[in-house]
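We count residues from 1, following the sequence as given. A quick note: this is a predicted structure, and the numbers were derived from the prediction, not measured.
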Amino acid sequence: MNTTALTSDPTYTVLGSGDIETASFEGISVVLLSRGGKPFRNEQIQKLRNLKVREIISVEENSCGLDGSLKIGGSSLKCISTHGPMTPGEQINIAVRESSGTHVLVMWDDMELQIMGKTGRLFDMAAHQSEICSIPVLMNSRKESIPIRLAPIFSQKKLEVVPLGAVKNGTPTLYPFDYCGIYHKKKFLLSEGYDPVINSPYWQKLDFGIRSFLWGEKISCYTGIKIAYLNDIPRDDSSIDSSYSRFFFRNLALQFKGDSCRLPLSGILRFHLQSGMSLFHTLKDYRDASAWVNRNRYRFRMDPYSLTELWELE
């Protein structure tokens, strides 16, 4: 089988087997982000192929080692080769755009699907999820469930994210843990996806999650699919950095009145008091965020403080 370029873009190239064309379909495409290295990636691709996953998309930086032995069977295999480093969120934006399924399951190559029954039936059920993102049950390498239910709490107008216990289908969660989730392709693309300008994975995920809720979408837990880590679980760095000001102005500093949202000037002082960062260096982020909020002002359905009403903390 020949490997050909299916899509070429200044920032990435999509390669696939030349004799396989994947038309749009109602179902799930699986995206593998790269973290474990080539041996992990090839092994996971092989396992997904054995499960007869209809479309597999591997995202790699400056490389696409498509092994010919992995391109046989019922699966269509694509490789997205990014031309330089990208944030995980930016990689997901590209992979979702290039996918053929109505839903996209994003996982890392150091994770493994825990399939007990028929893959087709599980995926068919998952592809009927209407949320912008549904978060599967995640487990550590000992097959113990880890907290995926995350709730926002505002204390003196400061945001805290708290992990909660019991999880059931449809329970809201603030953002996809480790980016892992079943994304509704159409809704994800309409939401603008992840902000590629935010470099911090923590603030990037939080920005996507809060914006989704503020724009009337929902992120929830989904118990129909389970995924286990093969290695240690990565930890988020939630420290305030250069990404925080963009996140703050586009989410936490907003005021919702009537049927639209605005970003008041008072947000600059509030940001300075919370972050301790220089006022001078926040002005550009404020101006950019103000223009963005003005363009999207009628897409908002609530302010950030209304989010807490979606969670029951007992």
Side-chain angles (χ1 to χ4, degrees), residues 86-90 92-93 131-133 150-162 172-176 179 183-184 187-219 236-311:
M86 289 184 179
T87 64
E90 192 172 6
I92 293 171
N93 290 348
E131 286 83 354
I132 189 172
C133 189
L150 307 169
I153 296 177
F154 286 95
S155 176
Q156 297 181 345
K157 294 190 176 182
K158 290 185 178 180
L159 173 68
E160 295 181 17
V161 177
V162 179
T173 184
L174 190 56
Y175 63 84
Y179 295 96
Y183 294 82
H184 189 293
K187 291 184 177 181
F188 179 82
L189 295 179
L190 287 174
S191 78
E192 300 184 1
Y194 287 100
D195 185 346
V197 180
I198 298 179
N199 293 316
S200 161
Y202 179 76
W203 298 118
Q204 187 180 60
K205 288 181 292 187
L206 206 53
D207 171 78
F208 166 71
I210 292 181
R211 174 171 18 101
S212 295
F213 282 102
L214 296 186
W215 284 9
E217 298 295 345
K218 185 180 178 183
I219 299 173
D236 277 332
D237 181 1
S238 59
S239 59
I240 292 177
D241 58 13
S242 58
S243 295
Y244 179 70
S245 61
R246 185 173 175 89
F247 161 77
F248 178 90
F249 289 128
R250 287 163 57 109
N251 295 278
L252 301 187
L254 304 177
Q255 287 184 356
F256 185 81
K257 291 185 178 180
D259 60 353
S260 64
C261 218
R262 61 185 288 267
L263 178 58
L265 274 170
S266 59
I268 296 177
L269 180 59
R270 185 178 149 209
F271 171 79
H272 175 67
L273 294 175
Q274 285 193 16
S275 69
M277 297 175 69
S278 167
L279 283 172
F280 175 80
H281 290 97
T282 66
L283 290 177
K284 182 181 184 302
D285 280 339
Y286 173 83
R287 288 194 296 266
D288 291 346
S290 182
W292 177 84
V293 171
N294 186 56
R295 286 196 306 271
N296 294 288
R297 61 188 180 276
Y298 294 113
R299 300 187 69 173
F300 290 87
R301 297 292 179 265
M302 66 178 80
D303 60 48
Y305 304 104
S306 300
L307 283 178
T308 54
E309 299 175 3
L310 296 174
W311 277 267

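- Taking CD1 of Ile153 as the reference point, atom OG1 of Thr308 lies at 9.0 Å (rounded to 0.5 Å).
- Residues Gly89 and Gln204 come closest through the heavy atom pair N-OE1, 3.1 Å.
- Phe256 places none of its side-chain heavy atoms less than 4.5 Å from the side chain of Met302.
- Considering every non-hydrogen atom in both Tyr179 and Pro201, the closest pair reads OH-CA, 3.2 Å.
- Under a 3.5 Å cut-off, the side chain of Gln255 and the backbone N or O of Arg262 do not form any donor-acceptor pair.
- Evaluation of the ring-ring contact (aromatic ring centres under 6.0 Å, His included) rule for Tyr202 yields no partner, not counting sequence neighbours.
- Panel note: side chain Tyr175, backbone Leu150; no donor-acceptor pair is recorded below 3.5 Å.
- Side-chain contact annotation: Thr282 with Asp285, donor-acceptor N/O pair under 3.5 Å absent.
- Scanning all heavy atoms of the two residues, the minimum distance from Asp237 to Ser200 falls at O-OG, 4.0 Å.
- The shortest non-hydrogen separation linking Ala253 to Pro264 is O-CD, 3.3 Å.
- When all heavy atoms are compared, the tightest approach of Phe154 to Pro304 is CE1-O, 3.2 Å.
- Remark: side-chain polar atoms of Ser290 are not paired, donor with acceptor, to backbone N or O of Tyr286 under 3.5 angstrom.
- Across Arg211, His184, Glu217, a single residue satisfies side-chain contact (heavy atoms from CB on, under 4.5 Å) together with Ser191, and that is Arg211.
- Within the model, atoms CG of Leu159 and OH of Tyr305 stand 9.0 Å from one another, a figure rounded to the nearest 0.5 Å.
- Rounding to the nearest 0.5 Å gives a distance of 8.5 Å between CD1 of Ile268 and CZ of Arg287.
- Residue pairs that meet the salt bridge (Lys or Arg N to Asp or Glu O under 4.0 Å) test with at least one member in residues 238-248, sequence neighbours left out, are Asp195-Arg246.
- Contact of the Thr87 side chain with the Tyr194 side chain is not registered, since no non-hydrogen atoms from C-beta on lie closer than 4.5 Å.
- Within the 4.5 Å cutoff, side-chain heavy atoms of Lys218 are placed close to those of Pro172.
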Under 3.5 Å, sequence neighbours excluded: what are the donor-acceptor pairs made by side chains of residues 292-301?
unit_1	atom_1	unit_2	atom_2	d
Trp292	NE1	Glu192	OE1	3.1
Asn294	OD1	Arg297	NH1	3.1
Asn296	ND2	Trp292	O	2.9
Arg297	NH1	Asn294	O	2.4
Arg299	NH1	Leu190	O	3.3
Arg299	NH2	Leu190	O	2.6
Arg301	NH1	Tyr298	O	2.9
Arg301	NH1	Arg299	O	3.4

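- Nearest approach of Ile210 to Leu174, heavy atoms of both residues: CG1-CD1, 4.0 Å.
- Distance alone, capped at 3.5 Å, places no donor-acceptor pair between the Ser243 side chain and the Trp203 backbone.
- Rounded to the nearest 0.5 angstrom, Met86 CE and Asn93 CG are separated by 9.5 Å.
- For Arg250, the side chain to side chain donor-acceptor pair (under 3.5 Å) criterion is met by no residue, not counting sequence neighbours.
- Considering only residues two or more places apart in sequence or on other chains, Phe248 meets the ring-ring contact (aromatic ring centres under 6.0 Å, His included) condition with Tyr244, Phe271.
- Of the inter-residue distances, the one linking Ser212 atom OG with Phe188 atom CZ reads 8.5 Å to the nearest 0.5 angstrom.
- Residues that satisfy the salt bridge (Lys or Arg N to Asp or Glu O under 4.0 Å) test with Lys284, not counting sequence neighbours, are Asp288.
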